[in-house]
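First comes the structure, then the notes that go with it.
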Amino acid sequence: MSADVYADMKQGEKGAWISIAAYIALSGAKLMIGWMYQSQALQADGWNNLTDIIASAAVLIGLRISQKPPDRDHPYGHLRAETIAALIASFIMATVGIQVILSTARSWFAGEESSPSPITGWVALASAAIMLVVYTYNKRLATRIRNQALMAAAQDNRSDAFVSIGAAVGIFGAQFGLNWLDPLAALTVGLLICKTAWNIFREATHTLTDGFDEAQLERLRKTVESTEGVRAIREVKARLHGSLVLVDVVVLVDAGLSLVEGHRICDDIEQRMQRKHNIAHVHVHVEPMVSGAEQNRPQGRTAH
């Protein structure tokens with residue numbers, strides 16, 4: 001793993017630690033103030049933040065594991081621990097979302113009503129503002145270092161801001177006798193959390209099964225095709241390994257080229273992929289361009 005990748009991992013850890021610190025502070029404040037001023041919505045929001053500590057810790061552990069160097073059992077390194085951490089975060093978020101929906105449904109059918117202090121509503125809004133700041137920081141950092149686990153944590157931060165806003169809407173609505181706003185807001189928030197969890201789960205499983213964006217793969221193909229000396233592309237594949245993109249490409253070149261010339265074409269492809277797409281891990285396989293019946297014959301084992 002290069003020094004730049006290692007530095008990105010350390011930056012990702014900083015984002016996870018910021019999330020954990022924010023959740024510890026906010027969950028403690030919400031649970032205490034919600035209990036003092038009899039706000040079930042704020043207390044539920046506080047319990048939600050406690051579960052988020054676990055999700056952020058999973059992201060942090062994934063980032064730590066991904067920094068381990070390659071070994072005998074993991075010759076490509078441990079970078080996929082990032083994606084596994086994102087997958088775990090999606091499970092925790094889905095659990096919280098389902099709990100919010102079920103809890104709202106139970107209180108709705110039971111006809112429970114409450115009128116908490118307006119103070120709890122302002123606490124919820126302040127919490128939402130803090131989480132939006134944390135979300136913005138983590139999203140920008142995750143985009144810059146291309147870290148899937150930290151991006152999942154950022155989406156969790158945003159969901160928590162929505163939860164707090166929903167709690168505030170319900171609390172302030174109760175002050176005007178609109179007690180139905182509380183369960184409606186909570187139900188909406190629960191659905192939003194589940195939707196976010198599903199998006200993270202879908203992306204993580206797609207990556208773990210070596211799925212890759214078709215549009216991005218086509219852009220990579222065009223870059224290889226436009227390289228001087230490349231006559232055709234037999235195959236191009238790409239997959240994500242943590243935050244890294246790994247590309248395998250088989251190109252056809254003139255059969256009369258020397259080994260040195262073929263090697264130059266490989267170097268040109270690697271440099272163009274680095275310059276245009278910031279991809280440093282490219283494996284290029286060169287084969288001679290044949291014609292007619294020879295090209296249609298099944299290909300045997302060829303040399304690089």
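Keep in mind it's a predicted model, so treat the numbers as computed, not measured. When a residue number appears, it is its place in the shown sequence, counting from 1.
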Common cluster, V163/L132, ILVMFWY with side-chain heavy-atom separation under 4.5 Å
no
Checking V134 against D160 for the side-chain contact (heavy atoms from CB on, under 4.5 Å) test, could you report, in this order, the C-alpha distance in whole Å, the side-chain angles of both residues, the deciding distance, and whether it holds?
CA-CA 11 Å; V134 175; D160 293 321; over 6 Å; no
dist I84:CD1 -> L208:CG (nearest 0.5 Å) comes out at 6.0 Å
Close side-chain approach of K237 to R239, heavy-atom, < 4.5 Å
no
Transitively linked via ILVMFWY side-chain contacts under 4.5 Å: W35 with M32?
yes
Student check: side-chain heavy atoms of L87 and S90 closer than 4.5 Å:
yes
Residue list, salt bridge (charged side-chain N to carboxylate O under 4.0 Å, His left out) with R64, at least two apart or on another chain
E13
Would you say L240 and V236 are hydrophobically clustered, going by side-chain heavy atoms of ILVMFWY under 4.5 Å?
yes
Would F212 end up clustered with V249 when hydrophobic side chains under 4.5 Å apart are linked, directly or stepwise?
yes
In the hydrophobic cluster built from side-chain contacts under 4.5 Å, what are the other members alongside L125?
W122, F172
Taking all non-hydrogen atoms of both residues into account, name the closest pair between G46 and S27 and its distance.
O-CB, 3.5 Å
Distance in Å, I119 CD1 paired with I33 CD1, rounded so as to fall on 0.5 Å steps
8.0 Å
Please determine whether side-chain contact (heavy atoms from CB on, under 4.5 Å) holds for the pair I171 and Y37, giving the CA-CA distance in whole Å, both sets of side-chain angles, and the decisive distance to 0.1 Å.
CA-CA 11 Å; I171 292 169; Y37 294 96; over 6 Å; no
Mind running salt bridge (charged side-chain N to carboxylate O under 4.0 Å, His left out) on D210 and R80 for me, showing each step along the way?
CA-CA 11 Å; D210 284 339; R80 280 197 170 175; 2.3 Å; yes
I101 and C194 have their tightest heavy-atom pair at CD1-SG, 4.1 Å
Taking all non-hydrogen atoms of both residues, which atom of H277 and which atom of R219 are closest, and how far apart?
NE2-O, 3.8 Å
Side-chain touch K139/M151, heavy atoms, less than 4.5 angstrom
yes
Taking side chain as C-beta onward, heavy atoms only, is T196 less than 4.5 Å from F162?
no
According to a 4.5 Å side-chain heavy-atom criterion applied to Ile, Leu, Val, Met, Phe, Trp and Tyr, with indirect links allowed, do I53 and I130 form part of one hydrophobic cluster?
yes
I'd like a table of donor-acceptor pairs (distance under 3.5 Å, sequence neighbours excluded) in which one partner is a side-chain atom from residues 197-204, with atom names and distances.
{"residue": "N199", "atom": "OD1", "partner": "R202", "partner atom": "NH2", "Å": "3.4"}
{"residue": "N199", "atom": "ND2", "partner": "K195", "partner atom": "O", "Å": "3.4"}

Roughly how far, to the nearest 0.5 Å, is CZ of R144 from CZ of R140?
11.5 Å
How long is the straight-line distance from NE2 of H285 back to CG of D248, given to the nearest 0.5 Å?
11.0 Å
Tell me the closest heavy-atom pair linking N138 and S19, and the distance in Å.
ND2-OG, 2.9 Å
Are any non-hydrogen side-chain atoms of H283 and L246 less than 4.5 angstrom apart?
no
I want to check something: taking the side chain as every heavy atom from C-beta on, are L220 and V247 in contact at a cut-off of under 4.5 Å?
yes
Taking atom CE of M131 and atom CG of N49, what is their separation to the nearest 0.5 Å?
6.5 Å
Does some side-chain heavy atom of R221 sit less than 4.5 Å from a side-chain heavy atom of L217?
no
Nearest non-hydrogen partners of T227 and R272, listed with the distance:
OG1-NE, 3.1 Å
Between D213 and H206, what is the shortest heavy-atom contact and its length?
N-CE1, 4.4 Å
So L252 and V230, do their side chains get closer than 4.5 Å, heavy atoms only?
no
Nearest 0.5 Å, please: how far is OG in S56 from CD1 in I61?
11.0 Å
